[in-house]
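Notes follow once the structure below has been shown.
Lettering follows sequence order; numbering is per chain, from 1. Note that the structure is predicted; figures quoted are calculated from it, not measured.
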Number of protein chains: 2
Amino acid sequence: MGRPREFDVDEALQTAMELFWRKGYEGTSLSDLTEGMGITRPSLYGFFGNKEELFLKALDRYDQKQMVFFREALEEPKARVVAERVLKGYADLQTAECSPNGCLGINGALACSEAAAEIQKCLIEGRRRVEHALAERFERANEEGDLPIGCSPTDLARYIMTVTQGTAVQAASGANRAALYKVIDMALQCWPK
Amino acid sequence: MGRPREFDVDEALQTAMELFWRKGYEGTSLSDLTEGMGITRPSLYGFFGNKEELFLKALDRYDQKQMVFFREALEEPKARVVAERVLKGYADLQTAECSPNGCLGINGALACSEAAAEIQKCLIEGRRRVEHALAERFERANEEGDLPIGCSPTDLARYIMTVTQGTAVQAASGANRAALYKVIDMALQCWPK
DNA sequence: GGAATTTTATACCGAGCAGTATAAAAACTT
DNA sequence: AAGTTTTTATACTGCTCGGTATAAAATTCC
C-alpha cells in the first residue's frame, strides 16, 4: 500500500553506478545523482541511505554485473587461459561503449580527501580481494604443474593485476580496446604457451 | 623594497605538490593548501594565481624534480635498459618514503567532476607526452636493431607505460617497492636479454 | 469514503568550497 | 620622518556541498 514508486530502483542504481564510475565518488555530487537518476533528494535518501551507502550499493552492483567475466575466467582449466581471459575481460569492461571508461574500482577513489577515506579503503580492499582470488587460482595451477617453473603464484597474480590496473588508467585516458589488446598480448609473452 | 616575504616560495610549492599528489586536485582544498604551505589565502593567490594555476605549477615542479630519472633513462644505449630504468625509476618514485604513494600525474585527477576537466585533460596529455617520448626512443632502437624482432616501438612504449601506470595504482594502494620490482622483473621477461 | 501508509515535492539547514575586498604591518626611498 | 610599495591578516562574498524537515500527492485497507 501507499503511494506507488515512480522510478525503477534497479535502473536508478545503474545510473548512479555509471556516474560514480565516470566521475569518481567525490566528483559526483548529490545533484548529479538525483538529476541523473531522475529522483528527488528525499527519495534517494529513503531508498539508498546516503551518498556513501549509495556508492557501496553501486559498487556491489558493479561486482555482481560487471565482474562476472572474472569469476568465469577463474574456472578455465589452464592458468594461462585464466590470465588471458582476466586481462581481456578487464580490457573489454574498461572500453565498453555503453559504459564509462576505466574501472569503477579505481576511478571511484584513487586519491581523495579525508572525507572519502572510508570509500578509498573499501576500494583498495576490493582490489586486494580480487588479486587474492587470482593468486589462489594460480596456487592451484602451481600444484597442478600448470605454471612456468620458478613462477610464484602470488607474484604472478600481482603482475596480472598490475597490468589490468595499467589498462584501467589507459582506458580512462581514452585508449581503445585494440590498443589494450596489444598490450595484453605483450604482457602474456612472458608466459610460455 | 616593500615588506619582505615571510615564506619560501619553493618550499611552499613543494608542499602544495605533495598535497595534490596525496589527495588529488579536487580532494585538496584551499584550506589544506594554505595550512600546509603556512601562508594565508591572499598570499597564495598573489604568488600562485589560483588553485588551478597552483596545481599546474606543482605539476611542472613534479616534472622537473621527480621525472629526472625518466630523461636519464632515455639516454641509456640499450633499449632494454631504458625500459628497465623507466620501470624501476617510476616504482622508486611511487614508493619513496619521503613523498606520497603513487604518481601525481595519475592521482591528480583520474576521474573527476566537470570542474576539474581541464586539469584532467592536462594530465592525460602529460602521460601521452611521456609515452610518446618513450616510443620515439624505441623507434631509434628499432632502427639500430636494438628491439626484439617484430616488436612495434609504439606498442612497446604503451606496454611499458601501462605497467608503470599499473604500479602507480598498486603503490597508491600501499604496495611496497620490493613487490613492484618483482612485477617489473616479470614484465621484462618478454624481452630477450 | 475516510483513515492509514508510502512516496513524492519544496524548501530549507549548517558547513565548507574557491575566491576577494580592505586595511594593517613592514620594509625601502627620498 | 613621510611617502611608496609589497606582503600580510582578517573578514567576508556567493555558491555548492551533503543532508533533512514538512507537507502534499497517490495509493490500499476497512
For this session: Quickly work out the A/R5 CZ to C/dA9 P distance and round it to whole Å.
Result: 14 Å

Seminar exercise, completed: Between A/D63 and A/R71, the two heavy atoms sitting closest are O-NH2, 3.1 Å

Exercise. B/P4 side chain: which of C/dG19, C/dT8, C/dA27 is closest?
Worked result: C/dA27

Exercise. Can you find an N or O donor on one side and an acceptor on the other, under 3.5 Å apart, linking the side chain of B/R41 with the base of C/dA18?
Worked result: yes

Exercise. Should we count CZ of B/R129 as having more than 12 external heavy atoms under 6.0 Å?
Worked result: no

For this session: Report the distance from atom CZ of A/F20 to atom CG of A/L59, rounding to the nearest 0.5 Å.
Result: 10.5 Å

Problem set entry | Closest to side chain of B/L30, choosing from C/dA26, C/dA18, D/dG19 | C/dA18

For this session: Take atom OH of B/Y45 and atom P of D/dT8, then tell me their distance rounded to the nearest Å.
Result: 16 Å

Exercise. When the nearest nucleotide of DNA chain C is assigned to B/G2 and to A/T40 on a heavy-atom basis, which residue is associated with the more 5' position?
Worked result: A/T40

Exercise. Once you round it to whole Å, what is the distance between P of C/dT20 and CD of B/E53?
Worked result: 11 Å

For this session: Write out all pairs satisfying salt bridge (Lys or Arg N to Asp or Glu O under 4.0 Å) with one or both partners inside residues 24-41 of chain A, taking only residues at least two apart or from two chains.
Result: A/K23-A/D32

For this session: May I have the distance from B/F47 (atom CZ) to D/dT8 (atom P), rounded to whole angstrom?
Result: 5 Å

Seminar exercise, completed: When rounded to whole Å, the CD to P distance for the pair A/E6 and C/dT8 reads 5 Å

Exercise. Roughly how many Å is it from CZ in A/F7 to C1' in D/dA26, rounded to a whole number?
Worked result: 15 Å

Problem set entry | Whole-Å gap separating P (D/dA23) and CZ (A/R3) | 17 Å

Exercise. Looking across every strand, which nucleic acid part, if any, lies under 4.0 Å from B/T28 by heavy atom: base, sugar-phosphate, or nothing?
Worked result: sugar-phosphate

